[in-house]
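Reviewing the structure listed below.
Each ligand, and each atom within it, is numbered from 1 in the order the structure gives.
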Amino acid sequence: MKWLEVSVPVDQEAVESASEILAHFGYAGGVVIEPAWTSGSEGPEFRYDPIRPVTLRTYLLLDEQVEAQRRRIEEALWHLGQMRPVGELQTCEVEEEDWANAWKQHYHVQHIGEHIKIVPSWLEYNAQPGDIVLQLDPGMAFGTGLHPTTQLCLQLVEYYVRPGLRTLDLGTGSGILAIAAAKLGALPVLALDNDPVAVEAARANAAHNHTPVQVALGSLGSGQHMGHWLSGDFRTEDHKKGSTRDADAGVVETEPFGLIVANLIAKVLTILAKDLTASLAPGGILIGSGIIIERESEVVNALEATELQLIERRCEGEWVALVYRKDDREDRSGVR
Ligand code: SAH
């Protein structure tokens, strides 16, 4: 059998959306995500290079439909290219044997933090004592463990989580952070997302990993009234009275959390600063991530205007994650 391999280099941030496009047309929904590699600083080791483009590939059956499919992919990528850097679509005819092996060989077990291992379901992984194994396939929603912000959050969740800590993962995507928190002992774990596709993916992943994560459609405070995070619609309640879309997002009322991890974007964290703080228990920890370095001060200003104190900052490339702790003193009238 003959196949048309289509590939496209895309910016890190376009990986999830571009993969969805390729998965829509590609054979069996399969997409290879091939990150750029770079030599390690300490000899012949290899690491992902988060700066250079990632190559995405999929395979189309070489039949009379193929040209129409190729054109539709090109069109969809063109639209995406208006918002994110997307390179040129390349094609190449291949024989069955080539692609059958190519398909999954680019995936690896990812080792993150001290103990976390992200394992694609088709790979055998011999877990060692102490390993926290998450079985996650690259899927529809953001959060395959590839993005630097997700990696930062996983490291920080691993560090700050404690058994029995009431935890919220706001903007759960694939559920990766909530599942990691639950596997590390957090309880209960609530995972919220205002995108129904993410909620579905997170539910499936939580079930597949046998983790007791409660996944719900919704957000916190003024987040309940925002449109999709990539839509640029950040209007809060006052501006959006009468919108029917509000009805789609659930409202979840809970007890305060000991840990909140929010891998969103700077703008959303800034808008939600007060709501995030209000949802933290005294002494609670907020991990705020997804912050591009140029916009860090905006988030810092918003969070520091609340009763939070910065306790840690981690960077990966141009991304920053900030960790805040809520004051646990009864009397907050004194000096902070
Ligand atoms: N937590 C995952 C996914 C992060 S991507 C990870 O770390 O990899 C950000 C997610 O936040 C997306 O799934 C998006 O739908 C969701 N999101 C964006 N704005 C939101 C808001 N205001 N309320 C709830 N979820 C939001």
Side-chain angles (χ1 to χ4, degrees), residues 12-17 19-20 33 50 84 110 112-113 116 118 134 136-158 167-182 186 189-206 213 215-237 240 243 245-246 248-252 259-276 279 286-292 299 314 316 319-321:
Q12 281 278 348
E13 290 158 59
V15 167
E16 304 285 339
S17 316
S19 317
E20 278 183 33
I33 302 175
R84 305 254 178 255
Q110 295 187 66
I112 298 171
I116 299 173
I118 311 289
L134 273 68
L136 280 182
D137 286 344
M140 295 284 280
F142 188 104
T144 55
L146 187 74
H147 199 280
T149 61
T150 309
Q151 298 195 12
L152 282 171
C153 285
L154 283 169
Q155 292 162 15
L156 290 165
V157 165
E158 181 175 49
T167 297
L168 168 66
D169 175 14
L170 183 63
T172 197
S174 63
I176 185 168
L177 304 178
I179 295 168
V189 179
L190 174 63
L192 291 181
D193 204 294
N194 63 2
D195 182 342
V197 175
V199 168
E200 206 178 301
R203 281 202 182 119
N205 285 328
V213 171
V215 185
L217 179 67
S219 188
L220 272 190
S222 46
Q224 294 157 37
H225 308 280
M226 288 178 194
H228 192 271
W229 65 313
L230 299 176
S231 69
D233 175 7
F234 299 120
R235 284 173 292 172
T236 51
E237 197 163 8
K240 228 178 155 185
S243 160
R245 233 182 317 155
D246 293 9
D248 295 340
V251 178
V252 180
L259 175 68
I260 299 181
V261 57
N263 190 14
L264 299 162
I265 51 174
K267 176 90 180 174
V268 177
L269 287 172
T270 304
I271 297 172
L272 296 187
K274 285 206 185 84
D275 297 312
L276 288 163
S279 305
L286 168 67
I287 300 169
S289 182
I291 306 162
I292 197 116
V299 180
R314 283 198 201 176
E316 180 72 53
W319 297 98
V320 186

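- Within the 4.0 Å heavy-atom shell around ligand 1 one does not find His147.
- Under 4.0 angstrom from ligand 1, the non-hydrogen atoms of Asn263 come from both its backbone and its side chain.
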List the steps and the verdict of side-chain hydrogen bond (donor to acceptor under 3.5 Å, both in side chains) for Asn263 and Thr149. CA-CA 7 Å; Asn263 190 14; Thr149 61; 3.1 Å; yes
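- Every atom of ligand 1 with a heavy atom of Gly218 under 4.0 Å away is listed here by number and element: 24 (C).
- The Ser219 neighbourhood of ligand 1 comprises atoms 21 (C), 22 (N), 23 (N), 24 (C), with distances under 4.0 Å to a heavy atom of that residue.
- Using a 4.5 Å heavy-atom cutoff, the side chains of Trp319 and Ile291 are not in contact.
- Distance alone, capped at 3.5 Å, is enough to place a donor-acceptor pair between the Arg203 side chain and the Val215 backbone.
- Thr167 contributes atom OG1, which lies 11.0 Å from atom CG of Leu177 (distance to the nearest 0.5 angstrom).
- Applying side-chain contact (heavy atoms from CB on, under 4.5 Å) to Leu269 and the options Leu276, Leu286, Leu170 leaves one that passes, Leu276.
- An N or O contact shorter than 3.5 Å links Gly171 to ligand 1 by distance.
- The ligand atoms of ligand 1 that sit less than 4.0 angstrom from a heavy atom of Ile176 are 6 (C), 8 (O).
- Asp193 is linked by a side chain to side chain donor-acceptor pair (under 3.5 Å) to nothing, counting only residues two or more places apart in sequence or in another chain.
- Every residue was checked against the side chain to side chain donor-acceptor pair (under 3.5 Å) condition with Glu158, not counting sequence neighbours, and none meets it.
- Atoms of ligand 1 found under 4.0 Å from any heavy atom of Thr172 (numbered from 1 in listed order, with element): 1 (N), 2 (C), 3 (C).
- Close approach to Met226 involves these atoms of ligand 1, each under 4.0 Å from a residue heavy atom: 22 (N).
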Passes side chain to side chain contact (heavy atoms under 4.5 Å, CB included), Leu168 versus Leu220? Steps please. CA-CA 10 Å; Leu168 168 66; Leu220 272 190; 4.0 Å; yes
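- Contacts between Leu264 and ligand 1 below 4.0 angstrom, taking non-hydrogen atoms only, involve the side chain exclusively.
- Counting heavy atoms under 4.0 Å from ligand 1, residue Ile265 does not touch it at all.
- Below 4.0 Å from some heavy atom of Gly173 lie the following atoms of ligand 1, by number and element: 3 (C), 13 (O).
- Remark: ligand 1 atoms within the under-4.0 Å shell around heavy atoms of Asp195 are 15 (O).
- Residue Asp193 has at least one nitrogen or oxygen atom sitting less than 3.5 Å from a nitrogen or oxygen atom of ligand 1, judged on distance alone.
- Panel note: side chain Asn194, backbone Ser219; no donor-acceptor pair is recorded below 3.5 Å.
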